[in-house]
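Quick notes on the structure that follows.
Convention: sequence-line order gives letters A, B, ...; per-chain numbering from 1.
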There are 2 protein chains.
Amino acid sequence: MKCLTKSAEDKIKEAAIKVFLEKGFDGTTTRDIAKEAGVNSALMNYYFRSKEKLFLAIFDEMFQLFFQGVLEIFNKPDSLEDKIIGMIDYDFESCKVNPDLTNFIINELHRNPERSIINYPIKQLCDHSLFAQQLKVSIDEGRIANVDIRHLLLVMKSNIQFLFQTKIMTMKIWNMTENEFNVYADRHKIIVKDMILNYLFSSQK
Amino acid sequence: MKCLTKSAEDKIKEAAIKVFLEKGFDGTTTRDIAKEAGVNSALMNYYFRSKEKLFLAIFDEMFQLFFQGVLEIFNKPDSLEDKIIGMIDYDFESCKVNPDLTNFIINELHRNPERSIINYPIKQLCDHSLFAQQLKVSIDEGRIANVDIRHLLLVMKSNIQFLFQTKIMTMKIWNMTENEFNVYADRHKIIVKDMILNYLFSSQK
DNA sequence: AACAATTTTAATCAATTGATTAAAATTGTT
DNA sequence: AACAATTTTAATCAATTGATTAAAATTGTT
């Protein structure tokens, strides 16, 4: 981003991110993307060769974004408890900023696992994280419940992501306004934090 | 289903359920459905008038199926604790039988909220359920944590549905086989049950 | 300024899509 | 059996889709 005017390639990529996330691969036409980018529709093929290649160019990036909260906090010098709280807060805010992301990742992986290739080494980054180490020590010392890191991460992600994934459904079912949903979501976050921390720290079994 | 041979209309509807759930509205062509049903592709329009009307004919039914576990257990004569366990078990098994359902409902509501109309009165059925009443009594008597039914239901659904929604992602990230995932899922169910019951029953606050 | 390389455009392509039509086949009723 | 109503079929439609092409415009280099 060293020039003031974005290159056509960047404009297409940014437009692709926006439209793909909104409508999914199947619901997106190459003309949608060109229009959103404000470029001639043949340019998409000039720079990216095909709709599928353009999709590939953005998918892994979006996948990384999906795990950014976890990854950023993994190696901070905070306590285990603070990290768990931090990850939940981070995911919560991310879902507000980027409401289509979770659905996009899950749906594309579900619809076309072969196309949606993941290059990002989550497992390695996780296994070698300070977080994993802190968790192991805490378990060994009997300070928290014996729970594998994969289950812990999933519980955190499930409760926040699903809350926002089902936002429209929730609003329809319970007759909520946008504001009422926000209150509901804030309350839910508190419950989820309590529930997870309570499970980990006060129920040695 | 009083005749041995299914009517074309039924065959189309069944095929529509299968294909729509697999590929979503955008990813499905009317020819896909006709082929799956084994009927001439013009028959779809003869019986349902359009792709969208056929979609509407199955969406509400699928939405109902999504909540079937909860609804079936709501008014059973079991204890609150048994019902919570029962709902988790039911959802867990449903996700195995119908792995596309959660994604379908969430994604279609997300993609096109206007098209995906919900007629099923979840709120009424919930508010007037024995479950809601049991929950209220237990809270009033101080036997469980003070948590609104909407949060409780969401926590149960989140942790099970998201587990299966992210099955492919989980298997890719952690390098799991199908069998390893099943072990992982079984273990996760136990953790989720423990966590929820523990939060409700042993942490009055 | 002259030229080559790169980028952008308008026009167009074949394939696919949701949908319609008119005729054919089947079914039910008298 | 004769007939009308219903169901099914093959053929076809216009619109949309991802992609290509050849020419035009722009940019960078000498």
Judged by atom type as modelled, is there a donor-acceptor pair below 3.5 Å linking the side chain of [X] to the main-chain atoms of [Y]?
| X | Y | answer |
| --- | --- | --- |
| Y90(A) | E72(A) | no |
| D89(A) | G86(A) | no |
| K23(A) | R111(B) | no |

Please give, in whole Å, the distance from [N] [atom2] to [X] [atom1]?
| X | N | atom1 | atom2 | answer |
| --- | --- | --- | --- | --- |
| M44(A) | dA10(C) | CE | C1' | 17 Å |
| N40(B) | dA19(C) | CG | P | 15 Å |
| F48(A) | dT8(C) | CZ | C1' | 15 Å |
| R115(A) | dG18(D) | CZ | P | 12 Å |
| D26(A) | dT17(D) | CG | C1' | 13 Å |
| K53(A) | dG18(D) | NZ | C1' | 13 Å |
| K51(B) | dT16(C) | NZ | P | 16 Å |
| I12(B) | dG18(C) | CD1 | P | 14 Å |

Can you check nucleotides 4-7 of chain C for protein contacts, nitrogen or oxygen pairs under 3.5 Å, and list what you find?
unit_1: dT7(C); atom_1: OP2; unit_2: Y46(A); atom_2: OH; d: 3.0

Nucleotide nearest T29(B) (side chain, heavy atoms from C-beta), chosen from dT17(C), dA19(D), dT9(D)
dT17(C)
Where the side chain of R31(B) is concerned, which of dT9(C), dG18(C), dG18(D) is the nearest nucleotide?
dG18(C)
Would you call I160(A) and M87(A) a side-chain contact if the rule is heavy atoms closer than 4.5 Å?
no
Considering only heavy atoms from C-beta outward, does the side chain of F55(B) approach that of F48(B) to under 4.5 Å?
no
If you compare all heavy atoms of [X] against all heavy atoms of [Y], which two are closest, and at what distance to 0.1 Å?
| X | Y | answer |
| --- | --- | --- |
| L109(A) | S116(A) | CD2-O, 3.6 Å |
| E108(B) | F25(B) | OE2-N, 2.8 Å |
| S129(B) | N75(B) | CA-OD1, 3.3 Å |

Using 30° and 60° as the class limits, which term best fits the ring planes of F181(A) and F164(A): parallel, tilted or perpendicular?
perpendicular
Cationic N near anionic O, under 4.0 Å, E81(B) to K193(B):
no
Less than 6.0 angstrom from the centroid, inside 45 degrees of the normal: does K157(A) satisfy that with respect to the ring of F66(A)?
yes
Check whether NZ of the Lys or CZ of the Arg K83(A) lies under 6.0 Å from the centre of the six-membered ring of F131(A) and within 45 degrees of that ring's axis.
no
Within the structure, does a side-chain N or O atom of T30(A) lie under 4.0 Å from either OP1 or OP2 of dG18(D)?
yes
Would you say N45(A) places a side-chain N or O within less than 4.0 Å of OP1 or OP2 belonging to dG18(D)?
no
Under 4.0 angstrom, heavy atoms only, what part of the nucleic acid is S41(B) near: base, sugar-phosphate, or nothing?
nothing
Each base of DNA chain C marked ( ) or [ ] if paired in-strand (Watson-Crick or G-U under 3.5 Å), | if paired to another strand and . if unpaired gives ||||||||||||||||||||||||||||||
I'd like a list of close polar pairs between nucleotides 21-29 of chain D and the protein, N/O only, cut-off under 3.5 Å.
none

